[in-house]
Amino acid sequence: MTILPDPDMAVARISDLYRHNLAQLGRDDVVVANMGGAGQSLIGNILWELGLNYVDGYTEILQADGTAIAAREHTDYRQHLASLDKKDNAGDVQPAVLWPRFVKSHHPPVVFSGATFGAVWVLVRDPRDTVYAGYRWRASFGEEAWDQVPDTFAEFLRGRGDFSGSPVDDWVAFYAAWLEVARAHRNAEVLRFEDLKQRPVEIVSAALRRIGVDRSRADVERAVEASSFAKMREHEDRVSGAGQPRMIRAGKIDGWTEWMTPELAGFFTGDDLREVGERYGYHLETPS
């Protein structure tokens, strides 16, 4: 049986702010679910550049009317990401189109058991790239005690996960659970990071059309260009101090080929990982 998120572990990670935001969700909300490191900053920036209402449920206070207020304590974090920083600097200006509202989440679906939402986008990335990118982010930006990570990636992989037995099992549990939700939901999309990097205009346009949002090809092309790695990294370089860590770090397809070793490869050979990976189109090597 495929690993699924431990409900008690998952619920224990819900902040008071996110708990508030869950209560604001309704049938016009789209949950954009992914594990940290899978490319949420990319899709979020594209949506914002399209004039759509993309909100970060971890750093913004959602209102029932669709508007959102940035939580002051997260200002430093938000300035790293172009869309969030521009939104904060716009003052009280809100998106011209409030609905549908796209809500970021790194929580497994058990956290949404009492919430209402109209659609779900599951954003997925190769597990090797996802887990590594998530580790690098936490090593530089993790604030909560449970967000702290060991000095090496290997030590991190040996440790317990956020809602399962290990960080790799977290990927398995998260994406197995959200895939079940997506298959049962009438408005669901699975977006692969790799496809977003290679065919962003087609992927985004098609996903939006299926929830009743039409944008011209020219508009989507412009939003994609404004959300390129180069543009987003340029923004972060401008607002961050010299020598400081970056959230927009690499954004590569198959970046894992640059750091993988035989020792680390051993953590990515489990049967459950390969099975769930296959469901999303990732063909991981069978252990020798």
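On a predicted model such as this, the values are computed, not experimentally measured, just so you know.
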**Study point:** Candidate pair Asp254 and Thr257, rule side chain to side chain donor-acceptor pair (under 3.5 Å), full reasoning
**Key:** CA-CA 6 Å; Asp254 293 335; Thr257 59; over 6 Å; no

**Study point:** From CA spacing to verdict: side chain to side chain contact (heavy atoms under 4.5 Å, CB included), Leu25, Leu62
**Key:** CA-CA 9 Å; Leu25 299 183; Leu62 276 60; 4.2 Å; yes

Review point. How far apart are the C-alpha atoms of Tyr135 and Leu157, what are their side-chain angles, what is the distance that settles it, and do they pass the side chain to side chain contact (heavy atoms under 4.5 Å, CB included) test?
Key: CA-CA 9 Å; Tyr135 167 77; Leu157 293 175; over 6 Å; no

Check your understanding: Please walk me through it: do Phe174 and Thr130 pass side chain to side chain contact (heavy atoms under 4.5 Å, CB included)?
Key -> CA-CA 12 Å; Phe174 184 94; Thr130 302; over 6 Å; no

Check your understanding: What's the verdict on side chain to side chain contact (heavy atoms under 4.5 Å, CB included) for Asp169 and Asp272, showing C-alpha distance, side-chain angles and the deciding distance?
Key -> CA-CA 8 Å; Asp169 282 348; Asp272 282 335; 5.7 Å; no

Exercise for review: Let me see the working for Glu278 and Arg274 under salt bridge (Lys or Arg N to Asp or Glu O under 4.0 Å), right down to the final yes or no.
Suggested key: CA-CA 6 Å; Glu278 286 286 341; Arg274 288 186 292 110; over 6 Å; no

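Residues meeting the ring pair (Phe, Tyr, Trp, His ring centres under 6.0 Å) test with Tyr132, sequence neighbours left out: Phe153, Trp259. Remark: Glu234 pairs with Lys231, Arg238 by the side chain to side chain contact (heavy atoms under 4.5 Å, CB included) rule, at least two apart or across chains.
Nearest approach of Ala182 to Val120, heavy atoms of both residues: CA-CG1, 4.4 Å. Residues Gly118 and His185 approach most closely at O-CE1, 3.0 Å, considering heavy atoms.
Applying the 6.0 Å contact sphere to CG of Asp65 captures more than 12 heavy atoms from other residues, nucleotides or ligands. The environment of Arg279 atom CZ is dense: over 12 non-hydrogen atoms of other residues, nucleotides or ligands sit within 6.0 angstrom.
Remark: Arg138 engages Asp162 in a salt bridge, criterion side-chain N to carboxylate O under 4.0 Å. Look at Glu49 and Lys86 and you find a salt bridge, because one of the NZ, NE, NH1 or NH2 atoms lies within 4.0 Å of a carboxylate O, short of that distance. A salt bridge links Glu263 with Arg158: at least one charged nitrogen is closer than 4.0 Å to a carboxylate oxygen.
Within the structure, every pair that satisfies the side-chain hydrogen bond (donor to acceptor under 3.5 Å, both in side chains) test and touches residues 202-213, not counting sequence neighbours, is listed here: Glu189-Arg210, Glu202-Arg217. For the ring pair (Phe, Tyr, Trp, His ring centres under 6.0 Å) condition, the pairs that include at least one residue of residues 6-32, sequence neighbours left out, are Tyr18-Tyr58, Tyr18-His107. Applying the salt bridge (Lys or Arg N to Asp or Glu O under 4.0 Å) test to every pair with at least one member in residues 106-133, sequence neighbours left out, gives these pairs: Asp126-Arg128, Arg128-Glu285.
In this structure, Leu42 CG and Phe229 CZ are separated by 11.5 Å, a value rounded to the nearest 0.5 Å.
In this structure, the side chain of Lys87 does not engage the main chain of Ala70 through any donor-acceptor pair within 3.5 Å.
For Trp171 and Phe268, the ring centers are positioned 6.0 Å apart or more.
Under a 4.5 Å side-chain heavy-atom cut-off, the cluster of Ile, Leu, Val, Met, Phe, Trp and Tyr residues that includes Leu98 is completed by Trp99.
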